K.L.:
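Sending over a structure as structure tokens; questions will come in a sec.
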Number of protein chains: 2
Amino acid sequence: MGRWEPNARGRLEEAALELFAEHGYDQTTVAQIADRAGLTERTFYRHFADKREVLFGGGTVLEEALAAAVREAPAEAAPYDVVAEALVRAASFLDEQRRDHAPRRQAVIEAHAELRERELGKMAAWVSTLADGLRERGVEPRLADLIAETGVAVFRTAFATWVTDTRAQDLRSLLREAFADLRAATAG
Amino acid sequence: MGRWEPNARGRLEEAALELFAEHGYDQTTVAQIADRAGLTERTFYRHFADKREVLFGGGTVLEEALAAAVREAPAEAAPYDVVAEALVRAASFLDEQRRDHAPRRQAVIEAHAELRERELGKMAAWVSTLADGLRERGVEPRLADLIAETGVAVFRTAFATWVTDTRAQDLRSLLREAFADLRAATAG
DNA sequence: CTACGTGATGTCAGACCCTGTCATCGGCGT
DNA sequence: ACGCCGATGACAGGGTCTGACATCACGTAG
């Protein structure tokens, strides 16, 4: 055991989520979050770049999973399928690891424009990751961007349903359906 | 003529763009912007909700154009084509009205994550507008979201090329090509 | 066993963002 | 002339975020 209580970062995340849910994002100050976690405001900023970021800590896991999925896809797979499959893998991860946590978190995010914007920024980073992966597979740069953007757009709609409808199917299935729907809509 | 110099809002926008380009977004304070425009910081906040918003003033024009385009589309048109055509119309507007202004503005935006996030937020508003329009045409809600998200994703890639490559074609053509490319990629 | 380095935290000061409130001033209608 | 109205100025203050320095327990070298 160290000098301090362990898992300061985790305590801050939990305290923040509770306070945001109780009093709202705007009405919660960083000092209050730090207080509830038994720390000071300054220490909060040593763990998170800004107040919003406390809700987006685990983002890198998904991003690395996407990069790996693109890298490991069979060489002969079409770019669109590579992206779709990578996102389906990410969806499976969320199904298994975040089924309970996600709706609670998402309710806070959707209630505030600032947080929605940050969420969009995180997904834009996925686009870059996916597009980079495609380019390394020899896909033409323009097309890589186009397919990555589209894939994440599809993911967003499936994700929206998943976190809104608690009784909805698993994200993996929703995502596969959405990809199929898009194929049908564009073919029309 | 009134008591004050006319077009305070326009002067603030111009001053901000200049200062952001010269010294960077972070290094520019709202007080400096107001100063250059011959106003005070408090007045800046009467014209813009926050510091970022000074770069996104003309956003409603496009949003209304999108809504109108969806409303006026022929009843028998497929949802995907309705969205594509609405975005092409918005692209034409940018080609004609913003060809010179856009790259200068975009250079500032791309240099700062905060501003990129705000831009994503604006485009997310387009998604809502388009999806609302489709729903009013009787498109199933889920599908409306999916198509609106995808359409704006395609727009983003064409827009990125347009503002980056000054020698690129007009946005309207780039967008049409991107929609065709996506159709080809998903058909594969 | 003592001394020193290390890493996470605390303390403090300060710049900047943004808001609420009240005062000011010129134009406009009566 | 009078008073209303709308844009602006002036001022105070809370919240966000950063830089600089101090503190304290633990590990390790000597």
Side-chain angles (χ1 to χ4, degrees), chain A residues 1-57 108-109 111-119 121-122, chain B residues 1-57 108-109 111-119 121-122:
Chain A
M1 292 301 116
R3 170 187 177 193
W4 305 278
E5 298 299 313
N7 195 24
R9 189 187 176 91
R11 275 183 292 141
L12 286 168
E13 287 173 345
E14 184 57 29
L17 193 51
E18 288 171 10
L19 287 168
F20 291 165
E22 285 175 33
H23 309 305
Y25 176 79
D26 294 327
Q27 312 312 317
T28 304
T29 69
V30 173
Q32 289 168 355
I33 299 170
D35 250 30
R36 180 170 296 202
L39 296 165
T40 64
E41 184 179 341
R42 189 68 185 86
T43 296
F44 177 96
Y45 286 107
R46 290 200 177 92
H47 286 278
F48 303 101
D50 57 45
K51 183 180 171 186
R52 291 171 240 165
E53 197 63 16
V54 71
L55 285 172
F56 297 89
V108 174
I109 291 176
H112 299 276
E114 257 185 23
L115 296 171
R116 287 197 302 272
E117 283 184 5
R118 174 60 53 90
E119 172 117 308
K122 294 294 177 181
Chain B
M1 289 303 113
R3 168 184 176 195
W4 306 278
E5 297 300 314
N7 194 23
R9 189 187 176 90
R11 275 182 291 143
L12 286 167
E13 287 172 348
E14 184 57 28
L17 193 52
E18 288 171 12
L19 286 167
F20 292 165
E22 284 174 34
H23 310 303
Y25 177 79
D26 295 327
Q27 311 312 317
T28 304
T29 70
V30 173
Q32 288 168 356
I33 298 169
D35 250 28
R36 180 169 297 202
L39 297 165
T40 63
E41 184 178 345
R42 189 65 185 88
T43 296
F44 177 97
Y45 286 107
R46 290 200 176 94
H47 286 279
F48 303 101
D50 58 45
K51 183 180 171 185
R52 290 172 241 168
E53 199 63 16
V54 71
L55 285 172
F56 297 89
V108 173
I109 292 176
H112 299 276
E114 257 185 24
L115 297 172
R116 287 197 301 272
E117 284 184 5
R118 174 60 54 90
E119 172 118 308
K122 294 293 178 180

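No experiment lies behind these values; they were computed from the predicted model shown. A, B, ... follow the sequence lines: proteins, then strands. Residue 1 opens every chain. Every heavy atom of this structure was used, including side-chain atoms; hydrogens, water molecules and symmetry mates were not.
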K.L.:
Quick one: list whatever passes salt bridge (Lys or Arg N to Asp or Glu O under 4.0 Å) with B/Asp35, sequence neighbours left out.
P.N.:
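None.
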K.L.:
Under the side-chain contact (heavy atoms from CB on, under 4.5 Å) rule, what do B/His47 and B/Glu53 come out as? Steps first, then yes or no, please.
P.N.:
CA-CA 9 Å; B/His47 286 279; B/Glu53 199 63 16; over 6 Å; no
K.L.:
Under a 4.0 Å heavy-atom cut-off, which of residues 7-29 of chain A touch DNA chain C?
P.N.:
A/Ala8
K.L.:
Could you list all the salt bridge (Lys or Arg N to Asp or Glu O under 4.0 Å) pairs where at least one residue sits in residues 37-49 of chain B, not counting sequence neighbours?
P.N.:
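Matches after skipping sequence neighbours: none remain.
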K.L.:
With sequence neighbours left out, what residues match B/Arg52 under salt bridge (Lys or Arg N to Asp or Glu O under 4.0 Å)?
P.N.:
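In terms of salt bridge (Lys or Arg N to Asp or Glu O under 4.0 Å), with neighbours along the sequence ignored, B/Arg52 is linked to A/Glu117, B/Glu114.
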K.L.:
Do any side-chain atoms of residues 17-27 of chain B form donor-acceptor pairs under 3.5 angstrom with protein atoms, and if so which ones, sequence neighbours left out?
P.N.:
| from | atom 1 | to | atom 2 | distance (Å) |
| --- | --- | --- | --- | --- |
| B/Glu18 | OE1 | B/Arg36 | NH1 | 2.8 |
| B/Glu22 | OE2 | B/Arg36 | NH1 | 3.3 |

K.L.:
Rounded to the nearest 0.5 Å, how far does NZ of B/Lys51 lie from OG1 of B/Thr28?
P.N.:
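Answer rounded to 0.5 Å: 6.0 Å.
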K.L.:
Quick check for you: to the nearest 0.5 Å, what is the distance between A/Ile33 atom CD1 and A/Phe44 atom CZ?
P.N.:
5.0 Å
K.L.:
Do any of residues 31-53 of chain A sit with a heavy atom less than 4.0 Å from DNA chain D, and if so which?
P.N.:
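The answer is A/Glu41, A/Arg42, A/Tyr45, A/Arg46, A/Ala49, A/Asp50, A/Lys51.
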